[in-house]
K.L.:
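Below is one structure. I have some questions about it.
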Amino acid sequence: MKFSRMFLPTLKEAPSDAEIVSHMLMIRAGMIRKIAAGIYNYLPMGLKVIKKVENIVREEMNKAGAQEVSMPIVVPSELWQESGRWDIYGKELLRIKDRHQRNFCLGPTHEEVVTEMVRKEVRSYKELPLNIYQIQTKFRDEIRPRFGLMRGREFIMKDAYSFHATEEDAEREYQNMYDTYCRIFERCGLKFRAVEAETGAIGGRFSHEFMVLADTGEDSIASCNKCSYAANVERAETKMQGSGVRGLPSNVSIGGQGSEKERPLEKVSTPGMKTVEEVSGFLKTTPQKLMKTLIYNSDKGVVAALVRGDYELNESKLKRLLDAQWLNLADEETVRKTTNAPSGFAGPVGLKDRGQGAGVRGLPPQSLSGGQNNTNLKIFADYNVQTIVNGITGANEADAHFINVNIDRDFTIDSYADLRIAADGDLCPRCDGVLKIFRGIEVGHVFKLGTKYSEAMDATFLNEKGQGKPMIMGCYGIGIGRTAAASIEQNHDEKGIIWPMPLAPFHVHLIPVNVKDKPTMDVAESIYKNLMNAGLDVLMDDRDERAGIKFNDADLIGIPIRLTIGSKALKENSVELKMRNAADASLIKIDDVSKKVLEIIEQADRVGVITATRLP
RNA sequence: CGGGGCGUAGCGCAGCCUGGUAGCGCACCUGCUUUGGGAGCAGGGUGUCGGAGGUUCGAAUCCUCUCGCCCCGACCA
């Protein structure tokens, strides 16, 4: 391709709305252009990279026995009604009507459609297993699209769905896909980690996210420094942190604030002090002494959840504990009704007695007007709350807290559970290692679905005994555009993108320094033809521009191999070769160019293929 | 959805407070010089100042409404 003919608008400055490096560079390198919030045009350079990722994914999926199909983007509401998701799926599902006022949606994922496709045709266990995939544009009406292709509304995704007669076979395929994903991301040249992810109702270890490690990632992952345990922090288990001091191993499993004697409960004035920092600072103590009381609203009713002041509550864990469909931090009004105090002063002491007209044990009765009956309110606590002796909680009264609060003496907890978000320095739940928190970009997800959709949509088959059974399903997604963006996050410098060979839009960037110099152009044209004939993608910058402009554009675009043809080297029958990921250039004889370039590419391709790892 | 901000040339921005000929840098077009790391000189403005309404002799500027976008938060198979 000749640069002068290519639709490749490079930019010296990035638009002000680009925040992260991959977004800025994709725009500056002429790969994408925004058309609306979270919706982009892919220009030739961008599409070439997308196609590279797609092809790697396609090759590995085919090799793994999956079959490519294409499903519609516009999906009739009936299928979504059948699965029950039409009403459950939030506003992310873009619903549209056709001219007959019939409901459709833009597919954000295709479980319904693929289940419909398979249930119509498959009757017998003999026709299973099946793994069907597509690489296709999806639409999710994200609340806040950002970061370019990283979190768009319209995006390209590879989604695969497998169907099985037995649990064992579904699990075999899960491992097959896990291994395939490892190969795919290795071939893409990415540094990644497969981590345990939320499994929701399915449970078990059959959900892994593939995370590309990058500081700009939107997800946090906890990874053990000793064993192979790695999990999304949403999911990461925690274990008792011994003496109550974070990160210090200890044999003490309970009552960690140790030998401290229980002191009498006391109410203190804490005007305007709401946050853990404010309260602990005001009372001259540490956040570890605080029992943070969070009031949640859910389909299972209002609940209170306690975590130690220095930890964060993990909503996913609470949701799972309650087996709730939805869960939200209670609004101000609910907090007032439940605690009879503005938010920031909730506490477990006397919380269940609200509205009963009873005072708090050991303290005079107080006005409870506006309170409601809380007898059925459940109080849950994270395990580590047990370590608190003489703790501090809100007093369910504006501008007041209790100090010297002790569990069982002053209030009771309905149930303890692992409810907090894993933190850096936590003990590993599997070994005696320590967890470290990394940021990651989720580029892939493998998930065992079970029979959720096959049961809801009656996708059954006959087994050996002639019994009708729901098919057991798995689903496996890869964000194509996100993978390309993640690669840029990992591979760039201050000048621009540094493409790994497998994703590079071109193999070679040819720069004739002076296009008006005939000897230069003769050599350039001949190298260009030779490399093209060898089957390589070559971009030749034939523009009549100054060298600086061409070099800067080359660095920005990030093609791995740069060949510069200039008059100095030509005198020695040579051209200059520079790798984008190297600091220095070298001279090679013109006759050796093809051979040398092919060598480099062959070597780069080989590096990508590493043996896939097994499930930890 | 809550809070904050922005919309002026292709991109980045000034002008707005205090109403009076629409500007700067880069990019772009023409010519000459230059040609190995974003050149120099000369000439050229390519604009519905997001849109609609209002105030005014006069609105990019003041007021009202509206659309779009961005940031923080909430939310997120």
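Since this is a predicted model, take the numbers as computed values, not measurements. Convention: sequence-line order gives letters A, B, ...; per-chain numbering from 1.
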K.L.:
Does any nucleotide pair with B/rC75 by Watson-Crick or G-U wobble geometry, both distances under 3.5 Å, and what is it?
P.N.:
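None - no nucleotide pairs with B/rC75, as no candidate has both distances under 3.5 Å.
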K.L.:
For B/rU18, give the paired nucleotide (Watson-Crick: N1-N3 plus N6-O4 or O6-N4; G-U: N1-O2 and O6-N3; both under 3.5 Å), or none.
P.N.:
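Matched B/rU18 with nothing under the 3.5 Å cut-off.
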K.L.:
Which part of the nucleic acid does A/Asn514 contact within heavy-atom distance under 4.0 Å: base, sugar-phosphate only, or nothing?
P.N.:
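A/Asn514: backbone/sugar contact only, no base atoms under 4.0 Å.
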K.L.:
Measure the distance from NZ on A/Lys578 to C1' on B/rG36 and round it to the nearest whole Å.
P.N.:
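Distance, rounded to whole Å: 14 Å.
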K.L.:
Provide the distance between the two P atoms, one in B/rA59 and one in B/rC72, to the nearest whole Å.
P.N.:
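Rounded to whole Å, the distance is 39 Å.
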K.L.:
Could you tell me how far apart A/Leu11 (CG) and B/rG38 (C1') are, to the nearest whole angstrom?
P.N.:
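Distance check: A/Leu11 CG to B/rG38 C1' gives 13 Å.
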K.L.:
State whether A/Arg144 places a side-chain N or O below 4.0 Å from either non-bridging phosphate oxygen (OP1 or OP2) of B/rC75.
P.N.:
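Answer no for this pair, as no side-chain N or O of A/Arg144 is under 4.0 Å from OP1 or OP2.
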K.L.:
B/rC41 pairs with which nucleotide, Watson-Crick or G-U wobble, both distances below 3.5 Å?
P.N.:
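Here B/rC41 is engaged in a pair, and the nucleotide opposite it is B/rG31.
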K.L.:
What integer number of Å spans the P atoms of B/rG10 and B/rC28?
P.N.:
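Result for the P pair: 14 Å, nearest Å.
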K.L.:
Given B/rC72, is OP1 or OP2 found less than 4.0 Å from the side-chain N or O atoms of A/Arg146?
P.N.:
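Yes, A/Arg146 has a side-chain N/O under 4.0 Å of OP1/OP2 on B/rC72.
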K.L.:
How many Å lie between CZ on A/Arg28 and P on B/rG12, as a whole number?
P.N.:
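Distance check: A/Arg28 CZ to B/rG12 P gives 13 Å.
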K.L.:
If each of A/Glu576 and A/Glu92 is mapped to the nucleotide of RNA chain B with the nearest heavy atom, which maps nearer the 5' terminus, i.e. the 5' end?
P.N.:
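It is A/Glu576, whose closest nucleotide lies nearer the 5' terminus.
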K.L.:
Looking only at side-chain N and O atoms, does A/Tyr453 offer a donor or acceptor that is under 3.5 Å from a partner on A/Arg85?
P.N.:
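Checked: A/Arg85/A/Tyr453 side chains pair up, N/O donor to acceptor below 3.5 Å.
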K.L.:
So A/Glu112, base contact, sugar-phosphate only, or nothing? Heavy-atom distance under 4.0 Å.
P.N.:
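If one applies the 4.0 Å heavy-atom cut-off, A/Glu112 turns out to touch nothing in the nucleic acid.
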K.L.:
Could you verify whether a donor N or O on one side chain and an acceptor N or O on the other, from A/Glu173 and A/Ser162, lie under 3.5 Å apart?
P.N.:
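No, because no side-chain N or O of A/Glu173 sits under 3.5 Å from a partner of the opposite role on A/Ser162.
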K.L.:
Distance check needed: B/rA77 P versus A/Tyr89 OH, whole Å only.
P.N.:
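Those two atoms, OH and P, are 8 Å apart.
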K.L.:
Mind checking the C1' distance from B/rC70 to B/rG12? Whole angstroms is fine.
P.N.:
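One C1' to the other, the span is 15 Å.
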K.L.:
By the 4.0 Å heavy-atom rule, please label A/Arg151 as base, sugar-phosphate, or nothing.
P.N.:
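Contact class for A/Arg151: base.
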K.L.:
Give the rounded distance in Å between these two atoms: NZ of A/Lys568 and P of B/rG36.
P.N.:
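Those two atoms, NZ and P, are 6 Å apart.
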K.L.:
Using the P atom as the reference point in each nucleotide, state the distance between B/rA9 and B/rA22 in Å, no decimals.
P.N.:
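15 Å, rounded to whole Å.
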K.L.:
If you go through the side-chain atoms of A/Arg140, does one of them form a donor-acceptor pair with the base of B/rA77 closer than 3.5 Å?
P.N.:
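Under the 3.5 Å cut-off, the side chain and the base do form a donor-acceptor pair.
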K.L.:
From CD1 of A/Ile39 over to C1' of B/rC70, roughly how many Å is that when rounded to an integer?
P.N.:
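Rounded to the whole Å, the gap is 16 Å.
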K.L.:
Taking CD from A/Glu142 and C1' from B/rA74, how many angstroms apart are they, rounded to a whole number?
P.N.:
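Those two atoms, CD and C1', are 14 Å apart.
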K.L.:
If the threshold is 4.0 Å, N to carboxylate O, is there a salt bridge linking A/Lys91 and A/Asp141?
P.N.:
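Result for this pair is no, no salt bridge flagged.
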K.L.:
Between A/Ser220 and A/Arg439, is there a side-chain donor-acceptor contact under 3.5 Å, judged purely by atom types and distance?
P.N.:
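Note: A/Arg439 and A/Ser220 side chains meet the donor-acceptor criterion.
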K.L.:
Quote, to the nearest angstrom, the P distance that separates B/rC11 from B/rC69.
P.N.:
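Here B/rC11 and B/rC69 have their P atoms 16 Å from each other.
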K.L.:
Under 4.0 Å, heavy atoms only, any strand: does A/Ser16 hit a base, just the sugar-phosphate, or nothing?
P.N.:
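Since only primed, P, OP1 and OP2 atoms lie under 4.0 Å of A/Ser16, the category is sugar-phosphate.
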K.L.:
Identify whether any heavy atom of A/Asp517 sits under 4.0 Å from a base atom; if not, whether one sits that close to sugar-phosphate; answer base, sugar-phosphate or nothing.
P.N.:
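No contact at all - A/Asp517 keeps every heavy atom at 4.0 Å or more from the nucleic acid.
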K.L.:
Return the pairing partner of B/rC26 with a 3.5 Å limit on both distances, Watson-Crick or G-U wobble; otherwise return none.
P.N.:
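Because both required distances fall under 3.5 Å, B/rC26 counts as paired with B/rG10.
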K.L.:
What interatomic distance, in whole Å, is found between P of B/rU64 and the corresponding atom of B/rU55?
P.N.:
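The answer is 15 Å between these two P atoms.
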K.L.:
Expressed as a whole number of angstroms, how long is the span from A/Ile27:CD1 to B/rA27:P?
P.N.:
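After rounding, the gap between these two atoms is 20 Å.
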K.L.:
Rounding to an integer number of angstrom, what distance separates B/rC6 and B/rU30 when you compare their C1' atoms?
P.N.:
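Roughly 37 Å separates the two C1' atoms.
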K.L.:
Would you indicate what A/Glu19 reaches in the nucleic acid, counting non-hydrogen atoms under 4.0 angstrom: base, sugar-phosphate, or nothing?
P.N.:
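Sugar-phosphate, backbone atoms only, no base.
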K.L.:
According to a strict under-4.0 Å criterion, is A/Lys34 in side-chain N/O contact with OP1 or OP2 of B/rC70?
P.N.:
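Yes.
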K.L.:
Scan A/Arg543 against the nucleic acid and name what it touches under 4.0 Å (heavy atoms): base, sugar-phosphate only, or nothing.
P.N.:
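Result for A/Arg543 = nothing.
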K.L.:
Select one nucleotide: of B/rG37, B/rA39, B/rC70, the one nearest the side-chain heavy atoms of A/Ile549.
P.N.:
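Selected nucleotide: B/rA39.
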K.L.:
Both A/Pro15 and A/Ile143 contact RNA chain B. Taking the nearest nucleotide for each, which residue is further toward the 5' end?
P.N.:
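With A/Pro15 and A/Ile143 compared, the 5'-side residue is A/Pro15.
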K.L.:
I'd like to know if A/Lys317 and A/Asp418 make a salt bridge, using a cut-off of under 4.0 Å between side-chain N and carboxylate O.
P.N.:
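A salt bridge is present here (some side-chain N lies under 4.0 Å from a carboxylate O).
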K.L.:
Check whether any side-chain nitrogen or oxygen of A/Arg546 sits under 4.0 Å from OP1 or OP2 of B/rG38, and answer yes or no.
P.N.:
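No, A/Arg546 has no side-chain N/O under 4.0 Å of OP1/OP2 on B/rG38.
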K.L.:
Is it true that A/Gln134 and A/Ser70 share a donor-acceptor pair across their side chains at a distance under 3.5 Å?
P.N.:
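Checked: A/Ser70/A/Gln134 side chains show no N/O donor-acceptor pair below 3.5 Å.
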K.L.:
What contact category does A/Lys91 fall into here, base, sugar-phosphate, or nothing, at under 4.0 angstrom with non-hydrogen atoms?
P.N.:
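It contacts nothing in the nucleic acid.
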K.L.:
Take atom C1' in B/rG68 and the same atom in B/rC49, then report the distance between them in whole Å.
P.N.:
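About 16 Å, rounded to a whole number of Å.
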K.L.:
Only pairs with both distances under 3.5 Å count, Watson-Crick or wobble alike; so what is the partner of B/rC69 in this structure?
P.N.:
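Its partner is B/rG5 (Watson-Crick or G-U wobble, both distances under 3.5 Å).
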K.L.:
Closer than 4.0 angstrom, basic N to acidic O: yes or no for A/Glu19 and A/Arg146?
P.N.:
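The answer is no: the pair does not qualify as a salt bridge.
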K.L.:
A/Phe506 versus A/Met1: any side-chain heavy-atom pair under 4.5 Å?
P.N.:
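In short, these two side chains touch, coming nearer than 4.5 Å.
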K.L.:
Under a 3.5 Å cut-off for both distances, is B/rA60 Watson-Crick or wobble paired, and to whom?
P.N.:
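When the pairing criteria are applied, nothing turns out to pair with B/rA60, so the answer is none.
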K.L.:
Considering only B/rU35, B/rA39, B/rG25, which nucleotide approaches the side chain of A/Glu13 most closely?
P.N.:
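The listed nucleotide nearest to A/Glu13's side chain is B/rG25.
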